Amino acid sequence: MPELPEVETIRRELSSELVGQQIKSVQVHRPSVVHEDPVSFSHSLANRSFKQVQRKGKYLIFGFDQGPDMLAHLGMSGKFILDSSDSPELQPHDRVVFTTHQGRLVFSDSRCFGFLQRAKDMENHPRLARLGVDGLDPRLSATDLKKSWGKSSRDIKTLMLQQSPIAGIGNIYAAEILFAAKINPATPAKRLKLKDLQRLIGETHRILELALTHNGTSISDYRRVDDKTGEFQNFLQVYGKAGEPCPLCKQPIERLVQSQRSSFFCPQCQVL
DNA sequence: AGCGGAACCTGTCGGC
DNA sequence: TGCCGACAGGTTCCGC
């Protein structure tokens, strides 16, 4: 589900609404989504207060007034929902519920690819150690990309999804960024020159920023913490649009499977 | 080392 | 109506 703009939207909303709230209790309804002993997890988080919410790539890191941080990933269908109702009913996909003095924070995830886990040493967490430069980070450089990709004959689309050397891009934004940069998703990475990679970085920044401005893309599952949808789905140029005319040249958009994922592109505009 | 493919789990939709 | 396969904003792991 959630790529960088969706996760960052959620981070901002949690940051403004959740910070300062104290946890009364934690109920784990699906132990497998807590990647550690669920009993220790619940016990240790009780009575903690949320202090900050950070993001690295598609991961969220919750900081508390004391004790280890909590790492969270939303997988394909994970959501964080905040509510303040008095007698909320447990929904079928509610996996973990944090009850605070002001309401609840619910981790809901239909497919259970997401997870929560405390970690004392977040800096060296194996999940985070592999991440490259954040997709919104201005320090992202074409030279770094050339260094990582310069000798690879793999297709550029697959490499963009690997979270290194760039972190935060997923299937939707890979398609949109490549369309904007006029690069074919099947192009072997080593064929891209520095100026192509510079353009790719420019479009990465532009598209991710724009999507963030519109609070991300809601296609089916993704919701903001107040259950509202994002709006960037209204601005998609190629993702999910196989058979529809290209917004630039009217040629039909094509679908292609790469690394077991769908890619969408315009065969006429994305020639490189 | 790097690659392709399977696995994790659940839900929805379209075709027969 | 029911069953079956395809597909879905992700990531890790295993075997070659």
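A note on names: the letters A, B, ... follow the listed sequences, proteins ahead of strands, and every chain is numbered from 1. The structure presented is a predicted model; accordingly, all values stated were derived computationally and were not measured.
As a whole-Å value, the separation of A/Tyr239 OH from C/dG10 P is 8 Å. When the P atom of B/dC3 is taken as reference, atom CG of A/Leu161 falls 14 Å away, rounded to whole Å. Atom pair A/Arg111:CZ and C/dG10:P shows a separation of 10 Å (rounding to whole Å applied). One interatomic measurement links the two molecules: CZ of A/Arg261 to P of C/dT11, which rounds to 8 Å at whole-angstrom precision. Atom-to-atom, CD of A/Glu6 to C1' of C/dA8 comes out at 14 Å; the value is rounded to the nearest Å. Note: CG (A/Asp155) to C1' (B/dG4) measures 12 Å, nearest angstrom. To the nearest angstrom, P of C/dT12 lies 10 Å from NE2 of A/His125. Computed from coordinates, the A/Leu71 CG to C/dT12 P distance equals 11 Å when rounded to whole Å.
With a 4.5 Å cut-off on side-chain heavy atoms, A/Phe80 and A/Leu74 count as touching.
Using a 4.0 Å heavy-atom cutoff across all strands shown, A/Ser259 reaches no nucleic acid atom at all. Across all strands, A/Ser262 comes closer than 4.0 Å only to sugar-phosphate atoms, never to a base (heavy-atom distances). Across all strands, A/Gln163 comes closer than 4.0 Å only to sugar-phosphate atoms, never to a base (heavy-atom distances).
The side chain of A/Arg154 lies closest to B/dG4, out of C/dT11, B/dA6, B/dG4. The side chain of A/Arg30 approaches B/dT10 more closely than any other nucleotide in the set C/dG10, C/dA8, B/dT10. The side chain of A/Met76 approaches C/dG10 more closely than any other nucleotide in the set C/dT12, B/dG11, C/dG10. Side-chain atoms of A/Pro2 lie closest to C/dG10 of the nucleotides C/dG10, B/dG5, C/dT12.
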Verify side-chain contact (heavy atoms from CB on, under 4.5 Å) between A/His93 and A/Arg95, making sure each step is shown before the conclusion.
-> CA-CA 6 Å; A/His93 305 312; A/Arg95 309 303 187 192; 3.7 Å; yes
Can you check side-chain contact (heavy atoms from CB on, under 4.5 Å) on A/Phe232 and A/Tyr239, steps first, answer last?
-> CA-CA 11 Å; A/Phe232 195 67; A/Tyr239 181 83; over 6 Å; no
Check the pair A/Lys182 / A/Leu248 against side-chain contact (heavy atoms from CB on, under 4.5 Å), numbers first and verdict last.
-> CA-CA 11 Å; A/Lys182 298 189 187 301; A/Leu248 296 180; 3.5 Å; yes
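A/Glu6 contributes a side-chain N or O that, together with a main-chain N or O of A/Thr217, makes up a donor-acceptor pair within less than 3.5 Å. Checking side-chain atoms of A/Asp69 against main-chain N and O of A/Ile61 turns up no donor-acceptor pair under 3.5 Å.
The partner of C/dT11 is B/dA7, judged by Watson-Crick or G-U wobble contacts that both fall below 3.5 Å.
Going from the P atom of B/dA6 to that of C/dA6 covers 13 Å, rounded to whole Å. Only the P atoms considered, B/dG5 is 15 Å distant from C/dC7, to the nearest whole Å. B/dC9 and C/dC14 are spaced 15 Å apart, taking the P atom of each and rounding to whole Å.
Mapping A/Phe264 and A/Arg127 onto DNA chain C by nearest heavy atom places A/Phe264 closer to the 5' end of the strand.
In this model, the phosphate group of B/dT10 is not approached by any side-chain N or O of A/His93 to a distance below 4.0 Å at OP1 or OP2.
Stacking between A/Phe113 and B/dC8 is present: the aromatic ring centre lies within less than 5.5 angstrom of the base six-membered ring centre, and the two planes differ by under 30 degrees.
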